[in-house]
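Down below is the structure, laid out as structure tokens.
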Amino acid sequence: MTNENLDNELDNSGEPTPEYFMETLPGQDRYVAPIDETPLQDVDSVDESAPATSMWADAWRTLRRNPLFIISGLLIIFIIIVAIAPGLFTKQDPNACDLANSLSAASSGHPFGYDLQGCDVYTRVVYGTRTSLSVGLLSTLLVVALGTLIGAIAGFCGGWIDAVLSRITDIFFALPMLLGAIVVLQMFKSSKSIWKVVLVLALFGWVGVCRIARSAVLEAKNLEFNTASTALGSTPMRNLFRHILPNSLAPIIVIGTTSLASYIVAEATLSFLGVGLPTTTVSWGGDISSAQTNLQTDPLVLFYPSAALAITVLAFIMMGDAVKDALDPKSRTA
């Protein structure tokens with residue numbers, strides 16, 4: 001561009017006109033939309049008329065639209081109803097056995113047939129739901145409570161308290177839960193009970209929740225709401241239980257939901273090995289253990305309690321995955 005052309009592109013103030021900046025070389029033509037067609041003020045605008053929502057409300061809205069949550073929720077509701085009121089599904093006594101019916105085929109009122117001791121398999125499967133679900137729920141509640149408390153204290157206090165609790169956690173983390181439970185329950189083999197199984201599972205299962213809780217509290221205690229609460233005169237313990245812990249519950253709920261299925265399987269495994277629940281208690285693990293001797297001749301006796309166990313575990317795993325997607329969107333794979 002010559003000096004004469006440049007002078008023509010300058011306005012009276014000596015500055016180039018907009019047309020000067022838009023001039024391009026041949027082959028570099030581009031379209032620039034008029035400013036009135038690009039309302040930049042709408043890019044970052046917020047709909048102030050929309051109702052305020054929380055993380056839990058957003059999670060519930062996501063869960064309601066997730067088919068995985070709906071299917072698993074219906075299965076879990078059905079399992080809970082069976083566990084609470086088994087009398088709605090059978091009128092038989094699970095401990096009423098008659099050797100004359102040993103390994104008899106299915107008949108009217110006995111759709112699953114009889115086991116080796118002449119007990120009605122269908123009735124024992126129905127009543128075994130209560131035992132397995134009770135152990136799983138109680139173990140999960142104790143594990144979440146103990147792990148959350150220890151992890152929250154370690155993450156919030158820091159220093160030597162965090163160091164001591166972390167080393168204790170490492171010691172328990174090095175012990176396999178199932179192996180440790182077998183060793184401890186073997187010491188009380190003469191006096192088995194549901195509560196002993198629950199306590200032993202909680203004793204070796206709290207470390208995973210503890211680590212998750214510690215990490216969540218470490219992240220939450222450095223956020224602005226904790227600093228503002230402290231500036232307003234709130235005590236550290238009040239901050240921990242009133243503000244930090246409620247904002248750290250999402251990952252704890254996720255791991256608690258997914259762990260429930262593992263404790264149901266652990267109880268069945270311990271009962272299968274003969275160190276879990278007493279033989280007088282109806283449980284899926286005990287029935288699977290009793291039926292293994294007739295696997296080749298009568299596999300259905302083993303199949304029914306195994307299928308009930310698998311369906312229950314699958315329902316809680318599906319629920320855990322749905323809750324994880326809702327509370328932790330970053331973990332979604334699609």
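Atom set for the values below is all heavy atoms of this structure, side chains included, hydrogens, waters and symmetry mates excluded.
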Hphob cluster co-occupancy, Val183 + Tyr263, side-chain heavy atoms under 4.5 angstrom: no

Student check: side-chain heavy atoms of Glu267 and Leu277 closer than 4.5 Å: yes

Interatomic distance, Leu199 atom CG to Leu138 atom CG [nearest 0.5 angstrom]: 9.5 Å

Path from Trp60 to Ile252 over hydrophobic side-chain contacts below 4.5 Å: yes

Side chain Ser289, main chain Phe272, donor-acceptor under 3.5 Å: yes

Beyond-backbone contact of Leu270 with Leu201, side-chain heavy atoms, under 4.5 angstrom: yes

Within 6.0 angstrom of Glu219 CD, more than 12 heavy atoms from elsewhere: no

Stepwise ring pair (Phe, Tyr, Trp, His ring centres under 6.0 Å) test for Phe89 and Tyr127: CA-CA 10 Å; Phe89 301 90; Tyr127 276 88; over 10 Å; no

Arg167 vs Asp170, salt bridge (Lys or Arg N to Asp or Glu O under 4.0 Å): CA-CA, chis, key distance, verdict: CA-CA 5 Å; Arg167 299 295 77 75; Asp170 292 339; 2.9 Å; yes

Evaluation steps, side-chain contact (heavy atoms from CB on, under 4.5 Å), between Leu185 and Lys192: CA-CA 8 Å; Leu185 289 174; Lys192 303 176 183 177; over 6 Å; no

Check: Thr131/Thr281 side-chain N/O donor and acceptor closer than 3.5 Å: no

Separation between CG of Leu103 and CG of Leu300, rounded to the nearest 0.5 Å: 11.0 Å

Derivation and outcome, side-chain contact (heavy atoms from CB on, under 4.5 Å), residues Phe69 and Thr62: CA-CA 10 Å; Phe69 171 77; Thr62 303; over 6 Å; no

Arg242 atom CZ, neighbour heavy-atom count above 12 within 6.0 Å: no

Smallest separation among heavy atoms of Ser193 and Pro278, with atom names: N-CD, 4.1 Å

Phe112 and Tyr304 aromatic ring geometry - parallel, tilted or perpendicular at 30°/60° bounds: parallel

By side-chain contact (heavy atoms from CB on, under 4.5 Å) - contacts of His110 (at least two apart): Gln92, Ser107, Tyr114, Asp120

Student check: side-chain heavy atoms of Thr148 and Val209 closer than 4.5 Å: yes

4.5 Å side-chain heavy-atom contact, Thr129 and Trp284: yes

Rounded distance [0.5 Å steps], CG in Leu146 versus CG in Leu141: 12.5 Å

Note, Asn95 side chain near Arg124 side chain (heavy atom, < 4.5 Å): yes

Heavy-atom closest contact (Val301 atom, Ala291 atom, distance): CG1-CB, 3.7 Å

Beyond-backbone contact of Thr90 with Tyr122, side-chain heavy atoms, under 4.5 angstrom: yes

Geometric cation-pi criterion Arg211 and Phe173, 6.0 Å radius, 45° cone: yes

pair Arg238-Thr235: side-chain heavy atoms closer than 4.5 Å: yes

Close side-chain approach of Asn294 to Leu302, heavy-atom, < 4.5 Å: no

Check: Ser104 side chain, Asn101 main-chain N or O, donor-acceptor pair, under 3.5 Å: yes

Over 12 foreign heavy atoms within 6.0 Å of CZ, Phe303: no

Working for side-chain contact (heavy atoms from CB on, under 4.5 Å), residues Ser248 and Ile244: CA-CA 6 Å; Ser248 306; Ile244 296 177; 4.1 Å; yes

Distance-minimising heavy-atom pair for Ala152 and Leu245: CB-CD2, 3.8 Å

side-chain contact (heavy atoms from CB on, under 4.5 Å) assessment of Met319 paired with Leu260: CA-CA 10 Å; Met319 176 65 73; Leu260 195 150; over 6 Å; no

Nearest heavy atoms of Ala202 and Leu142, plus distance in Å: CB-CB, 3.8 Å

Centroid separation Phe241 to Phe156 less than 6.0 Å: no

Which atom of Ala261 lies closest to which atom of Ile317, heavy atoms considered: CB-CG1, 3.8 Å

Distance, nearest 0.5 Å, that separates CG of Asn66 from CE of Met318: 9.0 Å

Ser139 side chain vs Gly136 backbone, donor-acceptor pair below 3.5 Å: no

Pairing residues for Pro251 by the side-chain contact (heavy atoms from CB on, under 4.5 Å) criterion, not counting sequence neighbours: Ile212, Ala216

Arg214 side chain vs Gly151 backbone, donor-acceptor pair below 3.5 Å: no

Spatial distance of atom CD1 (Ile70) from atom CG (Leu63) [nearest 0.5 Å]: 9.5 Å

Cluster check Trp195, Val143: I/L/V/M/F/W/Y, side chain < 4.5 angstrom: yes

Non-hydrogen atoms of Leu165 and Ile150 that approach each other most closely: CD1-O, 3.9 Å

Residue pairs passing the salt bridge (Lys or Arg N to Asp or Glu O under 4.0 Å) test where at least one lies in residues 98-119, sequence neighbours excluded: none

Hydrophobic cluster membership, Leu75 vs Phe78, 4.5 Å side-chain cutoff: no

Ile264-Ile81 co-clustered via ILVMFWY side chain contacts under 4.5 Å: yes

Rounded distance [0.5 Å steps], CG in Leu175 versus CZ in Phe204: 6.0 Å

